[in-house]
There are 4 protein chains.
Amino acid sequence: MKELLDPDLIHFAEKLQLPEIVVDTKDMPWVPFDEKTCHFKPVRFDFTTGTWTYLFKIKPNQVLTRHRHTGGNVIGFNLKGQWRYAERDWIAKPGTFIFEPPGDIHTLITEDEEVITLFTLGGSLQYFDEENQIVGQDDIFSVYKKYCDFYLKYGLTMNSNLLGK
Amino acid sequence: MKELLDPDLIHFAEKLQLPEIVVDTKDMPWVPFDEKTCHFKPVRFDFTTGTWTYLFKIKPNQVLTRHRHTGGNVIGFNLKGQWRYAERDWIAKPGTFIFEPPGDIHTLITEDEEVITLFTLGGSLQYFDEENQIVGQDDIFSVYKKYCDFYLKYGLTMNSNLLGK
Amino acid sequence: MKELLDPDLIHFAEKLQLPEIVVDTKDMPWVPFDEKTCHFKPVRFDFTTGTWTYLFKIKPNQVLTRHRHTGGNVIGFNLKGQWRYAERDWIAKPGTFIFEPPGDIHTLITEDEEVITLFTLGGSLQYFDEENQIVGQDDIFSVYKKYCDFYLKYGLTMNSNLLGK
Amino acid sequence: MKELLDPDLIHFAEKLQLPEIVVDTKDMPWVPFDEKTCHFKPVRFDFTTGTWTYLFKIKPNQVLTRHRHTGGNVIGFNLKGQWRYAERDWIAKPGTFIFEPPGDIHTLITEDEEVITLFTLGGSLQYFDEENQIVGQDDIFSVYKKYCDFYLKYGLTMNSNLLGK
């Protein structure tokens, strides 16, 4: 009988497989996402698909800018604090998992406690003003740029591991 | 020895697995993509990830609007005619496979022959004017809407199969 | 100027976009993964791509069966306890993010404390005996079956939300 | 107003974005997939997700080994000839698009004409004998190994472009 995995294949694959990514977030600094309400610690940027993963921290009692997830989805796992979308009737608590489909439009609201959520995002975030006009957007490149700019400004060593290289 | 796939699992999986999608493009009408240069035949809309696949037909001797693939990539297999990007030095011929990464900005140019390419796209296409201002964008929803609008206008029967349902 | 997102498109998209998935894991029971060392709380099964996401709990001082991730990758975020792979020299602590590429072969080892990690997995896990023969495998269907079997056995109400329906 | 894409971001992104993949299949040799019925021309191996894309050529009047797509899906666009699955009642003709979900089990049958289909596959293919026992499997590594072995045997120059590097 032909073996399902012959030793030659395993040996061959070991040379080809991509490097792993291991990132300890505990000792990383929080990078500012916007002027004052949100910070993040990035753990993965996948430039093949345009998706990225980060710990996202939001101050208490904030209403984030209403935005649309254009061309990508949102996957979240809430770690700390409570938040909700103004447009929905559920509340994300510690231990809540969230999948939001492409096209979703929402306004994230925090309560009296700081929030930390692990998010994976794809596509772009397009921010609206009160007349529903798009006034800004983020995607994998703008988020990576916030990270680079902050690390350069403070002379920190960037983690090339985030890119799986 | 424990079997790798016991018959109960196979039987269980058969009830759970998603329906297949089978689309014969030959007899489908070409749907207008823009006012006059491009048409498409959609074969799959994946609303989980925001990606879609279509046959894309472009008239000869066209210069399409310069655009950025924001938050998603482009995967193409050229079937007919020749085209190139103004920003690159290779030419897509019948049988050429193309992967363009998220963030790519390019201007597609056709030659003397009509082009037909099978494309899978994610994220959004953001179109630029000559001052590099974004003047329009497409994503899975706007493309699906073009398809629906055309089919409704001419009383054609939409293929729910495109959605894998 | 053409608006980037006209109100008709937004209205159209809202009817099309997939339902969100919201799962509170706190009050879910732990489902046995194997005979005695591991349990899980599933939060998402994506039958389009064959990937699934769950909280995975492992008893202290365990050595899990050595396995290969055939045809899919592993993405993890460790929440509690410490673990390592016998084949690597790093340790996953609370707050460690991990990406393991397709093809990876490893043996997970826990220490004196219970471990809880949020994992997203694709492809299949193929388990090896000491002669490197494959003695079992898991994929999205076998994991979903463990979940169903447990819920049926105890008369629990399954959460159709896990499937995004 | 804040620009949606400021020139600095574009300049920054251009340095970061992954290289494109452009593969002209016309002049590539056909690589043997098995002993005599199937050949392929690979165009992309994505070692991040374990998916690969190739032109797949099958001789006329063949019945391929029944197999299961474990942990991944199949996306195909038929270019030449006709084929069907013994387990289904539709026929793939030139211009037919096919999506088969993870878990699908099928037996591909060709007719009097050679078949060429563009396939993207993920996960693994597990082949069955007549007693439903798994007698072999393929995944991204085994397919890449067939490609390497053939190119090495005949002293051909491998196309590193297939990996997007």
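To find a chain, count down the sequence lines: A is the first, B the second, and so on, and within it residues start at 1.
- When C:Leu121, C:Asp139, C:Thr51 are compared by the number of non-hydrogen pairs under 4.5 Å with chain D, C:Asp139 comes out ahead.
- In this structure, the side chain of D:Asn73 does not engage the main chain of C:Gly50 through any donor-acceptor pair within 3.5 Å.
- The minimum heavy-atom distance between D:Ser124 and C:Ser124, with the atom names listed, is OG-OG, 4.4 Å.
- No more than 12 heavy atoms of other residues, nucleotides or ligands sit less than 6.0 Å from atom NZ of D:Lys93.
- For a residue to count as touching a neighbouring chain, one of its non-hydrogen atoms must lie under 4.5 Å from one of that chain's; by this rule D:Phe141 touches chain C with the side chain only.
- The local environment of CD in C:Glu130 is sparse, with at most 12 non-hydrogen atoms from other residues, nucleotides or ligands closer than 6.0 Å.
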With side chain to side chain contact (heavy atoms under 4.5 Å, CB included) as the test, would you mind laying out the steps for D:Leu4 and C:Leu4 before giving the verdict?
CA-CA 11 Å; D:Leu4 292 188; C:Leu4 292 188; 3.2 Å; yes
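- In this structure, chain C has a heavy atom under 4.5 Å from the side chain of D:Gln126, while its backbone stays farther away.
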